[in-house]
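See structure below.
The structure presented is a predicted model; accordingly, all values stated were derived computationally and were not measured. Lettering of chains follows the sequences in order, A, B, ..., and the numbering in each one begins at 1. Only heavy atoms go into these numbers, but all of them, side chains included; no hydrogens, no water, no symmetry mates.
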Protein chains: 2
Amino acid sequence: MDNASRSERSRKAALQAALTIISRDGPARLTLDAIARESGMSKGGLTHQFPTKEAVLKALLEHQIEYFGDFTERYLAEAGAASAQPQLAAQIATLREAITQPHSVALAILGALTQDPSLLSQIRAASGKTVDAIKAEAADPQLALLRWAAAQGLVLMSLFGLNPLADQERGQLFDRLGDDRQWSALAESNPRAAEPGRTRKVKS
Amino acid sequence: MDNASRSERSRKAALQAALTIISRDGPARLTLDAIARESGMSKGGLTHQFPTKEAVLKALLEHQIEYFGDFTERYLAEAGAASAQPQLAAQIATLREAITQPHSVALAILGALTQDPSLLSQIRAASGKTVDAIKAEAADPQLALLRWAAAQGLVLMSLFGLNPLADQERGQLFDRLGDDRQWSALAESNPRAAEPGRTRKVKS
DNA sequence: CTATACAAACCGACTGGTCGGTTTGCAAGA
DNA sequence: TCTTGCAAACCGACCAGTCGGTTTGTATAG
């Protein structure tokens, strides 16, 4: 087999094995030996592809970020024009997708978090950009951010096993979150709620 | 000193040390040795009070649940009558409090999660009850749940280091989340959005 | 086409160190 | 004296990362 193909096959196998282990045994059991065992490769071969465990987690995160980034772009291209706030709609749709996936994202996040919290700076940077995009297109930026935060809350609660909501109920909540008409009344009747001087109750 | 007092003092010291370690070094560095070192007691003394590490985490979780449970009750007693939806207002206020605390709750959650995800069933049960309470008092249960989910999202993102929002901006969002008047227009203009047959877009 | 030389992928044993938990000893309260 | 709280040494399991050596692919010269 081709050398490049061998490498890529091994790397893919290692990352898939890592996701399997995290979802099946929890992030605490994600060890280099476990990845080697699960993927069928040797530990030496594994460390040849990923010199440290941190490198494995980094690759895992990048893979997930790329996957959902593509999903967002595809949504914007296909259904973007249908909404007055395409960025917000795309983010809500992407978050909804993340919940149906076999919990891969936040499981990777969780694994990364326990190993090295600094890895999360990638995620923070990415979500910072989406926040800017959402605010830029919104007539009522606060309301848009709150809809986004609600979607994040539903996803994070589910992924961390904290969610007491049934799948159907969560689906209905996502439906409503993504439906611009449901919120237009608020944005129109309270447009200046987003401006300063109105909601300045922050202490000190 | 009295024996019982000595025990309690040691247990408190151990839990406080655990919180210090989690917030300063991350949950991965929460070890029995580290707790013993941080609290000034010996490892033997520590394991005398908490036979296993899981027992430490369990006590940590219970301590936090109790703390925020008290906070919620106090809020209901003091400011409950001021809102049309006191349970929701209390939950939002409590979540806001959790964010200002030195990240204790979810840090404990995080520690527990990496060690033993089954411990989280306590949290899930507790939040199930609050969800029921919020739905029961709301004219528009979906909207109430979404406001609650948004607060959860803001808190979880902050605690896991994913939040790109500044403190001030988050504070304004919480202000608006907790202000019933900001949402009444929506609840009144779209009351039947909470009923079935309107938002049934859930696949299969 | 074959031989040679080098590079990349891979293997598995080993090392230094950490962690959860146990055992032993001792001092103070009951 | 007998129990309780605590200290310190200790144990076995586990883990990330290393290392010497092997196998497989690749390029070049004859």
Side-chain angles (χ1 to χ4, degrees), chain A residues 1-18 20-22 24-61 108 110-119, chain B residues 1-18 20-22 24-61 108 110-119:
Chain A
M1 186 189 295
D2 188 274
N3 258 346
S5 310
R6 270 206 298 169
S7 275
E8 188 170 9
R9 206 166 59 97
S10 293
R11 294 174 68 91
K12 290 277 182 194
L15 295 183
Q16 183 53 52
T20 302
I21 291 164
I22 292 181
R24 188 189 54 207
D25 308 325
R29 297 221 182 269
L30 183 70
T31 67
L32 293 181
D33 292 271
I35 295 173
R37 211 180 312 123
E38 180 75 27
S39 66
M41 64 200 306
S42 71
K43 191 172 181 180
L46 174 63
T47 58
H48 179 72
Q49 296 295 341
F50 300 102
T52 66
K53 188 180 177 182
E54 185 184 332
V56 177
L57 294 168
K58 197 173 175 183
L60 214 53
L61 268 181
L110 203 54
L113 201 58
T114 66
Q115 166 73 16
D116 180 5
S118 70
L119 285 173
Chain B
M1 184 189 296
D2 186 270
N3 260 346
S5 312
R6 271 208 298 172
S7 277
E8 186 170 4
R9 206 164 58 97
S10 293
R11 295 174 66 90
K12 290 279 183 192
L15 295 183
Q16 184 54 53
T20 302
I21 293 163
I22 293 182
R24 188 189 55 207
D25 307 326
R29 298 216 183 273
L30 183 70
T31 68
L32 293 181
D33 293 271
I35 296 173
R37 212 179 311 124
E38 181 74 26
S39 66
M41 63 198 307
S42 71
K43 194 173 176 179
L46 175 63
T47 59
H48 178 70
Q49 297 295 343
F50 299 101
T52 66
K53 187 181 179 182
E54 184 184 332
V56 177
L57 293 168
K58 198 173 174 183
L60 213 55
L61 267 180
L110 205 53
L113 200 58
T114 66
Q115 168 72 17
D116 180 6
S118 69
L119 284 174

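Backbone-only engagement by B:Leu30 is indicated by non-hydrogen atom pairs under 4.0 Å involving sugar-phosphate atoms exclusively.
Note: CG (B:Asp33) to P (C:dT22) measures 14 Å, nearest angstrom. Between the P atom of D:dA13 and the NZ atom of B:Lys53 lies a distance of 19 Å, rounded to the nearest Å. Here the P atom of nucleotide C:dC10 and the CZ atom of A:Arg11 are 11 Å apart, to the nearest Å. In this structure, A:Phe50 atom CZ and C:dA9 atom C1' are separated by 14 Å, rounded to whole Å. Straight-line distance from the CD atom of B:Glu54 to the P atom of C:dG20: 13 Å, rounded to whole Å. A straight line from CG of A:Leu32 to C1' of C:dG16 spans 16 Å, rounded to a whole angstrom. Look at CZ on B:Arg29: it is 17 Å from C1' on C:dG20, rounded to the nearest Å. Between B:Asp25 atom CG and C:dT18 atom C1' there is a gap of 15 Å when expressed in whole angstrom units.
Of the candidates C:dC10, C:dG20, D:dC6, C:dC10 carries the atom nearest the A:His48 side chain, counting heavy atoms from C-beta on. Checking D:dG5, C:dA9, C:dG20 against the side-chain heavy atoms of B:Gln49 singles out D:dG5 as nearest. In the set D:dA16, D:dC6, C:dA9, the nucleotide with an atom closest to the side chain of B:Arg6 is D:dC6. Comparing C:dA9, D:dG17, C:dG20 by their nearest atom to the side chain of A:Ser7 picks out C:dA9.
The two residues A:Ile21 and A:Arg29 come nearest to each other via the heavy atoms CG2-O, 3.6 Å. The two atoms that bring A:Ala59 and A:Phe50 nearest to each other are CB-CE2, 3.7 Å, heavy atoms only. In terms of heavy atoms, A:Ser39 sits closest to A:Ala13 at CB-O, 3.8 Å. When every heavy atom of A:Leu46 is checked against every heavy atom of A:Ala14, the shortest pair comes out as CD1-CB, 3.8 Å.
In this structure A:Thr20 satisfies the side chain to side chain contact (heavy atoms under 4.5 Å, CB included) test together with A:Gln16, A:Arg24, A:Glu38, sequence neighbours excluded.
Note: A:Met41 CE to A:Ile35 CD1 = 10.0 Å, rounded to the nearest 0.5 Å.
Proximity of A:Ile22 to A:Leu60: side-chain heavy atoms (C-beta onward) are separated by under 4.5 Å at one or more points.
Taking 4.0 angstrom as the limit, A:Thr31 places none of its side-chain polar atoms (N or O) nearer than this to OP1 or OP2 of D:dC14.
Within a heavy-atom distance below 4.0 Å of DNA chain C, the residues of residues 36-47 of chain A found are A:Met41, A:Ser42, A:Gly44, A:Gly45.
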